[in-house]
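Structure first, commentary second.
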Amino acid sequence: MAMRIVVLAGGIGGARFLLGVRAWARGHDVAVTAVINVGDDVTLHGLRICPDLDSVMYTLGGGADSERGWGRAGETWTIKEELAAYGAEPSWFGLGDRDVATHLVRTRMLDAGYPLSAVTEALCARWQPGVRLLPASDDRVETHVVVPSSDGAGGEAAIHFQEWWVRHRGALAAKRFVFVGAESAKPAAGVLDALADADVILVAPSNPVVSIAPILAVPGIREAVVAGRAPVVGVSPIIGGAPVRGMADRCLAALDVECSAAGVGALYGSRAGGGLLDGWLVDTSDAAAIVPGVVVRPVPLWMKDEMATEAMVREALTLAGVADD
Ligand code: FO1
């Protein structure tokens with residue numbers, strides 16, 4: 001029977017990691033399922049936008065703008081300019097013309113009653129990512145960021161993650177992150193079965209606070225990962241004390257967690273201690289990292305191309321005891 005790999009992943013870091021997983025899988029009898037964060041999802045201009053699902057779908061489907069890290073390659077911006085000419089807010093979030101087609105199809109299907117998992121499958125029929133993409137939940141789970149209120153009176157305000165990250169460029173001090181709707185959300189169709197049937201679970205080098213945590217916040221998902229029979233190996237998104245990309249440093253600061261490979265490893269915790277991990281891949285420059293109860297293996301972690309990423313994936317699977325080549 002084919003080996004079953006499940007990957008928990010966010011946006012661009014997850015997408016690049018999945019390129020390596022898919023490359024490894026091509027030489028083996030393997031089925032890959034990716035459970036993707038939906039906490040970044042947002043409705044703007046009446047359109048449902050799922051940045052992490054789209055980053056992964058476009059990247060694996062060969063349609064991503066790899067330079068920008070989000071949206072479509074060869075993008076044009078007429079719709080954005082036209083919306084701005086109407087003074088239609090929010091003007092701080094750019095929807096490219098090609099990308100808008102994805103949101104139109106998604107929104108129309110959601111409005112017709114299809115769950116996000118079915119919509120994602122339909123969109124993937126075009127992109128053929130070679131990996132089954134599942135949203136963590138078909139229900140609304142939105143990451144909000146609690147920041148100091150703008151009136152300076154010492155209060156707090158909660159804003160959507162996209163407003164914090166894109167509008168304010170992550171400059172407002174994040175006090176904490178709230179996954180709105182998570183408590184009553186259910187794992188999307190297929191997620192719990194995929195986790196129960198997995199031979200190995202990989203945690204992609206995605207932001208632990210705003211990409212992986214909202215996945216695990218959906219009741220039933222963390223439990224299925226922790227209690228399952230599959231070994232769990234994570235890959236550090238932090239190299240030499242800095243995030244490879246994105247805002248993990250600012251997010252970790254809000255949780256008072258050190259921005260280091262060891263800090264994130266400890267945040268996930270050892271399975272023996274009720275946490276997530278059996279194994280933790282760190283970069284060779286972080287070889288001294290120790291995570292109590294977790295086997296830490298230093299390997300080169302820069303995902304500079306698909307071959308390097310595939311080598312990383314091979315190390316993760318070897319650490320999990322499911323690959324020996
Ligand atoms: N990021 C930006 O910095 N500016 C944008 O205008 C922007 C628009 C956008 C539209 C669709 C989409 O799927 C992603 C978009 N992103 C944009 C990226 C996104 O805000 C974040 O980088 C991710 O949510 C974090 O993973």
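Throughout, numbering of the chain's residues begins at 1 and tracks the sequence. Just follow the structure's listing: the first ligand is 1, and inside any ligand the first atom is 1.
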Counting from 1, what ligand 1 atoms have a heavy atom of [X] closer than 4.0 Å?
X	answer
Arg169	3 (O)
Gln162	19 (C), 20 (O), 24 (O)
Pro51	13 (O), 14 (C), 24 (O)
Asp52	26 (O)

### Task
Would you verify whether the NZ or CZ of Arg72 falls within 45 degrees of the ring axis of Tyr58 while also being under 6.0 Å from that six-membered ring's centre?
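Yes, Arg72 sits over the ring of Tyr58.
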
### Task
Examine Lys304 relative to Trp302 and say whether NZ or CZ is less than 6.0 Å from the centre of the six-membered ring and inside a 45° cone about the ring axis.
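Because its charged atom misses either the 6.0 Å distance or the 45° angle limit, Lys304 does not stack over Trp302.
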
What is the nearest protein non-hydrogen atom to [atom], stated with its residue, atom name and distance?
atom	result
atom 18 (C) of ligand 1	Trp70 CG, 3.3 Å
atom 4 (N) of ligand 1	Val166 CG1, 3.3 Å
atom 22 (O) of ligand 1	Trp165 NE1, 3.5 Å
atom 10 (C) of ligand 1	Phe93 CE2, 3.2 Å

### Query
Is the Tyr268 to Trp280 ring centre distance short of 6.0 Å?
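Between Tyr268 and Trp280, the centre distance is under 6.0 Å.
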
### Message
Less than 6.0 angstrom separating the ring centers of Trp164 and His160, yes or no?
### Response
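Centroid separation for Trp164 and His160: 6.0 Å or greater.
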
### Query
Does Gly94 have a non-hydrogen atom less than 4.0 Å from ligand 1?
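For ligand 1, residue contact (heavy atoms, under 4.0 Å) with Gly94 is present.
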
### Task
Quickly, which of Thr43, Asp111, Thr102, Asp41 forms a side chain to side chain donor-acceptor pair (under 3.5 Å) with Arg48? Name it, please.
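Single side chain to side chain donor-acceptor pair (under 3.5 Å) partner of Arg48 among Thr43, Asp111, Thr102, Asp41: Thr43.
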
### Task
May I ask whether Leu267 and Val178 are part of the same hydrophobic cluster, defined by side-chain heavy atoms of I, L, V, M, F, W, Y residues being less than 4.5 angstrom apart, directly or through others?
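No.
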
### Message
Could you check whether atom NZ of Lys175 has more than 12 heavy atoms from other residues, nucleotides or ligands sitting under 6.0 Å from it?
### Response
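Result for NZ/Lys175: enclosed.
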
### Message
Heavy atom to atom 11 (C) of ligand 1, shortest distance: which of Asp40, Val100, Asp99, Ile12 holds it?
### Response
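Heavy atom nearest to atom 11 (C) of ligand 1 belongs to Asp99.
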
